Protein chains: 2
Amino acid sequence: MATARKADKPYHHGDLRAALIAAAEAELIGKGIDAFSLRGAARRAGVSHAAPAHHFKDAMALLDALAAAGFARLTATMKEEQAAAGADRKAQLVAAGVGYVRFALDNPELLQLMFGTSRRKSDDPELGRNADAAFSVLVNGVGMIRGRDAFTGEAGWRDVAACWSMVHGYAQLAIAGKMEFVTGLEFTRQRDLIEDLVRRALPEKAPL
Amino acid sequence: MATARKADKPYHHGDLRAALIAAAEAELIGKGIDAFSLRGAARRAGVSHAAPAHHFKDAMALLDALAAAGFARLTATMKEEQAAAGADRKAQLVAAGVGYVRFALDNPELLQLMFGTSRRKSDDPELGRNADAAFSVLVNGVGMIRGRDAFTGEAGWRDVAACWSMVHGYAQLAIAGKMEFVTGLEFTRQRDLIEDLVRRALPEKAPL
DNA sequence: CCGTAATCTTGACGCTGTAAAAATTGTCGC
DNA sequence: GCGACAATTTTTACAGCGTCAAGATTACGG
């Protein structure tokens, strides 16, 4: 009874697997992606340095799992923003983009992890699934605008590439501190800027 | 006379500083950004593991220098592409974007280093200078299109943000392997796609 | 209630980056 | 020419890292 049992999964710790993922995020945010250490995450979770080995093959597997959780939250943030937006189809796609950037700026280290090749090997099946789910939010947004046979030709796919590139590029550059020349402008509100950017990428003459 | 003197700077090695930067790039390309090691770079340069300390304060300083060289080459690639393009002002900006992406895809690890926060501390003055030089290629491109008072309001800066975000985002996503859904399309030529993307970002109604 | 399997800890290995001390080599004044 | 000095490089050492192997601990099924 020393350790109050919160779930029924665990054997010793409670739920070490989940605790390690949470600890890994704290470690990632606290020390940055290069100073991240598996031993540090174990320390934060209150277990010995070799304990993670039983739940994750190696350090990269733990970070893959964290990245997977990140993609799930990215998807949630985009849908959340869409729910708060108007029903207009373009507004829906713009809202997804705004959510994308908001998530990125709120979780810079996580985004670096999710999209960098660094520190991961990316063969986690859940990671692939969650990344696909996030992707399909964008695809659906373009599909709504373009209608029926949106993706028969390559025009629809180009729209997706344009929208994704725009929001992702802005997010990355803002995280890297390279966007101060525009975010620092006096009367620029971040959200207006992002909406402007997304609108440039999406198909103006789409339903032509 | 055992070591043929190529310049007048060096004392012992010849030009260890430059050799270390070259070795660091080989190490970066060969082992990836997370497996990069200072000792490995020293090994490639044929010196002891502590030799770099006299030329670079620490490992991050060496990678900062490499990133600075990367920005110089990025600028060169953009200008090269501009020289090969038509004189039309929009074509010039598009060419800069194409050069940006070409450099990125030819040097993926280097781009990750240049724009990631990972493994660097970024207080190298030459790094800042070279990054600014690359930035100004884009700014000049927008300035040419918008003319005289391009950057009095914020519209011009938004154009810069849009163009940069677009090319940077596409480059990052392509490097991460996330753009196969469009690069894999049968008759899509990469260059056409990139030109299309850049054209979406730039100010259509600019000289209005 | 005990055996077995899952979980966690301990200890060890080679690797890393960095600092300090020792050794080597070029340069400058004489 | 050569000795003193300064710059460069190597050697040595240390703490931290990821991972593996072995031992200890705990839960579960018969």
Side-chain angles (χ1 to χ4, degrees), chain A residues 1-24 26-28 30-66 113 118-121 123, chain B residues 1-24 26-28 30-66 113 118-121 123:
Chain A
M1 196 174 291
T3 61
R5 63 184 59 224
K6 298 179 178 179
D8 43 11
K9 308 174 194 172
Y11 286 77
H12 291 48
H13 168 277
D15 190 353
L16 185 54
R17 194 191 140 88
L20 280 171
I21 294 177
E27 173 86 359
L28 183 70
K31 304 207 294 186
I33 190 152
D34 28 316
F36 175 93
S37 88
L38 180 61
R39 290 168 104 111
R43 238 176 270 129
R44 283 176 201 261
V47 293
S48 81
H49 65 265
H54 245 270
H55 299 273
F56 302 97
K57 184 180 160 259
D58 51 23
M60 286 184 178
L62 171 55
L63 288 174
D64 272 4
L66 177 56
L113 176 69
S118 183
R119 295 276 208 164
R120 295 192 303 102
K121 54 169 183 277
D123 55 359
Chain B
M1 196 173 288
T3 62
R5 64 185 59 225
K6 297 179 179 178
D8 42 13
K9 309 173 193 173
Y11 286 77
H12 290 49
H13 169 278
D15 191 353
L16 184 53
R17 196 191 138 87
L20 280 172
I21 295 178
E27 174 85 359
L28 183 70
K31 303 209 294 188
I33 189 151
D34 27 316
F36 175 93
S37 89
L38 181 61
R39 289 168 104 111
R43 240 175 269 130
R44 284 175 199 261
V47 293
S48 83
H49 64 266
H54 241 270
H55 299 273
F56 302 98
K57 182 178 160 263
D58 51 23
M60 286 184 179
L62 171 55
L63 288 174
D64 272 4
L66 177 56
L113 177 69
S118 183
R119 295 278 208 162
R120 294 191 303 103
K121 53 169 186 273
D123 56 357

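Quantities reported herein were computed from a predicted structural model and do not represent experimental measurements.
Side-chain proximity of B:Lys31 to C:dT18, C:dT16, D:dC17: nearest is C:dT16.
When the P atom of C:dT10 is taken as reference, atom CZ of A:Arg43 falls 14 Å away, rounded to whole Å. Rounding to whole angstrom units, CG of residue B:Asp15 and C1' of C:dG26 are separated by 16 Å. In this structure, A:Leu38 atom CG and C:dT9 atom C1' are separated by 15 Å, rounded to whole Å. Taking atom CG of residue A:Asp34 and atom P of nucleotide C:dG17, one finds them 12 Å apart after rounding to whole Å. Protein atom CG of A:Leu16 is 16 Å distant from nucleotide atom P of D:dT26, rounded to whole Å. Going from atom CZ of B:Phe36 over to atom P of D:dC17 covers 20 Å, rounded to whole Å. Atom CG of A:Leu63 and atom P of D:dT19 are 10 Å apart (whole Å). Atom P of nucleotide D:dT10 and atom CG of B:Leu20 are separated by 10 Å, given to the nearest angstrom.
Taking B:Lys121 as the reference, B:Asp58 meet the salt bridge (Lys or Arg N to Asp or Glu O under 4.0 Å) condition, with sequence neighbours excluded. B:Leu38 meets the side-chain contact (heavy atoms from CB on, under 4.5 Å) test with B:Pro52, B:Ala59, B:Leu62; sequence neighbours excluded. In this view, B:Arg39 and B:Ser37, B:Arg43, B:His49 satisfy the side-chain contact (heavy atoms from CB on, under 4.5 Å) rule, not counting sequence neighbours. Residues forming a side-chain contact (heavy atoms from CB on, under 4.5 Å) with B:Ala53 (at least two apart in sequence, or on another chain): none. Scored by the side-chain contact (heavy atoms from CB on, under 4.5 Å) test, A:Ala18 finds A:Asp15 as partners (sequence neighbours excluded).
Of all heavy-atom pairs between B:Phe36 and B:Arg119, the closest is O-NH2, 2.9 Å.
Residues A:Asp34 and B:Met60 meet the side-chain proximity criterion, which asks for heavy atoms closer than 4.5 Å.
Taken residue by residue, residues 48-58 of chain A places heavy atoms nearer than 4.0 Å to DNA chain C at A:Ser48, A:His49, A:Ala50, A:Ala51, A:His54, A:His55.
For B:Arg39 against C:dG17, a side-chain-to-base donor-acceptor contact under 3.5 Å is present. One cannot find a donor-acceptor pair under 3.5 Å joining the base of C:dT7 and the side-chain atoms of A:Arg17.
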